[in-house]
Structures are given as structure tokens and as C-alpha cells.
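Structure record follows, encoded as C-alpha cells.
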Amino acid sequence: MGDGTTIEITGLTKRFGAVTAVADLTFTVEPGRVTGFLGPNGAGKTTTLRTLLGLERPTAGTATFGGTRYRDLKRPLETVGAALDAAFHPGRTARNHLRVTATAAGIRSSRVDEVLEQVGMSEFATRRVGGFSLGMRQRMALATTLLGDPRVLVLDEPINGLDPEGIRWIRGFLQSLARDGRTVLVSSHLLSEVQQSVDDVVIISRGRLVRSGPLSSLELDASPRTVVDSPDRARLAAALDQAGLEYTEGRGGFIVAEPDPGIVGHAAFVGGVELSSLHRLKSGLEESFLALVGEGEGAA
């Protein structure tokens, strides 16, 4: 059995009737690092996190904190701070919301003002949550997760919808938590949102693991491809099919699994297709991520 600050997902499968949301998923999240849990919407991220936090029962496999299920933790809020679908009573002030949560968990009341200070919300302590912006609500969610001073943080889409200032703040905040030796797992459907703050990535698609490792490993595996577009995409698709070229469709055209634009251009010429764009797609983190999850250029 490992220590309680390491998240361990082993052979995790979760089915809802005939639908398999998560299939034989295995990965670990280590302390002292920020790990991005990535995949398109519907990939199974939230189901995995809900199972980890005891909100869903696994069909098979385990999701634990160092071998201990969330429901078996003696003082869960002092081990794990989690923000999934955070809900606040709009009529309560920020301080009162946190006091209610702390009292229910047996956490000392003085901790409330400490976490408000930690997330930069002290000046808003007496304001009603119902009037908070999205960014302030995100900070409130973080304050709630920190009440028990946990060594593990599990955050679902904490950057989603934030303005640039809010994104910069939360990136630095997550990194400071990891430097303090905490285990930080952050889910997102966009690599671009978290790539400046994560050390490791766990990428899933259609409920299955497609990559787990350091963020830098994504760029190493990136293979150059070609982007091609035409006013008549149907004819272009037929020409690519005829040439036996594999491709996916994105917002900027077709992304073809061929590094030489000349070969792609020749296929279009043979098919009598007019082109509006043809260029080599440079390898990079976002391109690697999109290729792994089977999404087109620029897709979410």
C-alpha cells in the first residue's frame, strides 16, 4: 500500500447500462507535481473523478489514495480537497459558506479566514456569493477545498471560463501547491488551458488511456502533418481517399497524416480539386494532444 498522497487508478472500469464511460484505466498521480487530466468533453474524466471521490461505484478496478478508498479515509477533507460542480447558497456570504462547511467537517473555524486570505478573497468575505463573478466563484471553490489543509487537490475544470488575469493567478496558485509537496490533479478538455502549469499529463479518449507521462513527452512524439483545404471539401475528401491518405477534418481544413505537402497537393491535382490552402502542420504540444484524442486542428 502506497502513501495517502499518491492517487492510484488501477484497472478502473465504469459502465452505465450499455455505455462504458471508463474502460480499464490505470495511472498514478504523484505528490509535488501538477498533473493535467486531459481529454475531450465526454472522454470519461468526470466519471473517473467521481469514482475516485466515492460518488460512483466502479464496475471494476480501484480508484484510491495510496490504496485507501475515499469513503475509508478517517478525515477525508484533511486528506483530499476536491472541487467538482461546486455549489454555493447565493444568499450566504463567502465567510458563512466556509464556516458551514468547516463546522460540518469538524475543522477549526479560524481556518476560514486563513483560506480566504490564501486565495485572495479576504476583502470579499462579507459579500454574498450570489453576486460573485465566475473567477471569484472559482476562488471560492478553491478556498473550500483547502479548508482541511489537504495534501491532495482534485480540481475539475478550474480554469474553464476565466479571464486572462484569473488564468494567470490560478496557474501560479496550482504551482505553489505542488511546490509545497501536495498532489494536484487538474482536469481540462483543453491542453492550451493548463500546459503552462502542469508537469505531467494523463490523456484519455473515449474512456481509455492514450498517454501518461511528462508534458514534454507529447512534443517528442509529434509527427509533422499537412493541412489542406478546398472550397469543395467533399471532392477533396474523395481525392484523399483515392490516394489512400489518412486524414481528419478540422476547422482549418483536413489534417492529413503525411508530412510532405507535395504528395497531398498531387492527390488533389489528380482529383481535379481546387485548393484554398496547403501547408505543413508544425509539430507541437497542442497538435500532439489533438492527434492523440482524434480531434481536428483547432477543435476543443
Side-chain angles (χ1 to χ4, degrees), residues 5 7 29 31-38 45-46 49-50 52-53 55 65 70 75-90 92-105 107-190 193-194 196-199:
T5 61
I7 295 173
V29 181
R33 302 176 72 79
V34 180
T35 299
F37 187 35
L38 308 172
K45 302 186 302 297
T46 299
L49 297 183
R50 286 180 60 82
L52 176 65
L53 296 171
L55 300 174
F65 300 92
Y70 184 85
R75 296 181 65 85
L77 292 189
E78 295 179 15
T79 302
V80 183
L84 272 71
D85 302 320
F88 308 101
H89 190 294
R92 284 187 182 144
T93 65
R95 180 178 285 125
N96 284 343
H97 165 76
L98 294 171
R99 280 177 174 168
V100 168
T101 304
T103 300
I107 297 169
R108 58 185 171 86
S109 60
S110 60
R111 183 69 181 147
V112 169
D113 286 327
E114 291 175 9
V115 297
L116 284 170
E117 175 70 24
Q118 194 172 356
V119 301
M121 290 285 288
S122 294
E123 63 182 293
F124 305 107
T126 58
R127 283 184 54 179
R128 296 183 188 277
V129 178
F132 283 179
S133 66
L134 175 59
M136 294 168 70
R137 285 173 175 268
Q138 294 283 42
R139 292 191 190 215
M140 274 297 297
L142 280 172
T144 305
T145 68
L146 292 168
L147 275 172
D149 196 20
R151 302 307 298 171
V152 182
L153 279 298
V154 178
L155 310 174
D156 193 15
E157 303 269 4
I159 297 177
N160 187 32
L162 294 185
D163 60 21
E165 180 183 356
I167 291 172
R168 283 193 298 271
W169 178 84
I170 202 167
R171 282 172 174 165
F173 190 73
L174 295 177
Q175 291 167 341
S176 70
L177 292 173
R179 285 195 298 270
D180 191 37
R182 301 178 201 256
T183 304
V184 184
L185 180 63
V186 183
S187 80
S188 178
H189 64 284
L190 295 174
E193 280 190 341
V194 299
Q196 294 182 41
S197 56
V198 304
D199 304 297

inquiry  = Is it the case that the side chain of Ser188 and the backbone of Leu38 share a donor-acceptor pair, with hydrogens and angles ignored and the cut-off at 3.5 Å?
reply    = no

ask   = For the side chain of Glu117 and the backbone of Ser122, is there at least one donor-acceptor N/O pair under 3.5 Å apart?
value = no

key: Reported CG-to-OG1 distance for the pair Asn96 and Thr101, which is rounded to 0.5 angstrom   = 10.5 Å

request  = Take Leu49 and Phe37, measure what side-chain contact (heavy atoms from CB on, under 4.5 Å) needs, and give me the verdict at the end.
outcome  = CA-CA 10 Å; Leu49 297 183; Phe37 187 35; 4.0 Å; yes

query = At what distance, to the nearest 0.5 angstrom, does CZ of Arg168 lie from CG of Leu162?
reply = 11.5 Å

key: Heavy-atom side-chain proximity of Arg92 to Leu98 below 4.5 angstrom   = no

query = Is there side-chain contact between Trp169 and Gln138, with at least one heavy-atom pair below 4.5 Å?
reply = no

query = Can you check side-chain contact (heavy atoms from CB on, under 4.5 Å) on Thr79 and Tyr70, steps first, answer last?
reply = CA-CA 9 Å; Thr79 302; Tyr70 184 85; over 6 Å; no

inquiry  = Give me the atom names and distance for the closest heavy-atom approach of Val184 to Leu174.
reply    = CG1-CD2, 4.0 Å

inquiry  = If you count heavy atoms of other groups shown closer than 6.0 angstrom to CZ of Arg137, is the number above 12?
reply    = yes

query = Does any donor atom in the side chain of Gln175 or Ser197 lie under 3.5 Å from an acceptor atom in the other side chain?
reply = no

remark   = Distance col, row Ile167:CD1 vs Glu165:CD, nearest 0.5 angstrom, shows 11.0 Å

key: Check: Glu193 main-chain N/O paired with Arg171 side-chain donor or acceptor under 3.5 Å   = yes

note = Smallest heavy-atom separation, Phe173 atom then Gln118 atom, equals CE1-O, 3.5 Å

ask   = Are the side chains of Leu153 and Leu146 in touch, meaning some heavy atoms are under 4.5 Å apart?
value = yes

remark   = Closest non-hydrogen atoms of Ala125 and Leu116, given as atom of the first, atom of the second and distance, are CB-CD1, 3.7 Å

query = Within the distance-only criterion (no hydrogens, no angle test), does the side chain of Asp156 pair as donor or acceptor with the backbone N or O of Ala83 below 3.5 angstrom?
reply = no

key: Check against side-chain contact (heavy atoms from CB on, under 4.5 Å), Leu155 and Leu142   = CA-CA 8 Å; Leu155 310 174; Leu142 280 172; 3.7 Å; yes

Side-chain touch Met136/Met121, heavy atoms, less than 4.5 angstrom = yes

ask   = So which heavy atom on Thr5 is nearest to which on Pro31, and how close?
value = OG1-CG, 3.5 Å

key: Met140 vs Val119 side-chain heavy atoms within contact, under 4.5 Å   = no

message = Distance alone, cut at 3.5 Å: any donor-acceptor contact between the side chains of Thr35 and Arg33?
response = no

query = With the threshold set at 4.0 Å, does a side-chain nitrogen-carboxylate oxygen contact exist between Arg111 and Glu114?
reply = yes

Chi angles and distances behind the side-chain contact (heavy atoms from CB on, under 4.5 Å) call for Val29, Val154 = CA-CA 11 Å; Val29 181; Val154 178; over 6 Å; no

key: Close side-chain approach of Phe124 and Arg139, heavy atoms under 4.5 Å   = no

ask   = Taking all atoms of both residues into account, what is the closest heavy-atom pair of Asp113 and Arg95, and its distance?
value = OD1-NE, 3.0 Å

query = Within a strict 4.5 Å, meaning less than it, do heavy atoms of the Val186 and Pro158 side chains meet?
reply = yes

request  = Quickly, which of Leu177, Leu185, Val198 forms a side-chain contact (heavy atoms from CB on, under 4.5 Å) with Val34? Name it, please.
outcome  = Val198

Contact summary for Phe88 and Thr144, nearest pair of heavy atoms = CE2-OG1, 4.2 Å

request  = Enter the distance from Leu52:CG to Ile7:CD1 here, rounded to the nearest 0.5 Å.
outcome  = 5.5 Å

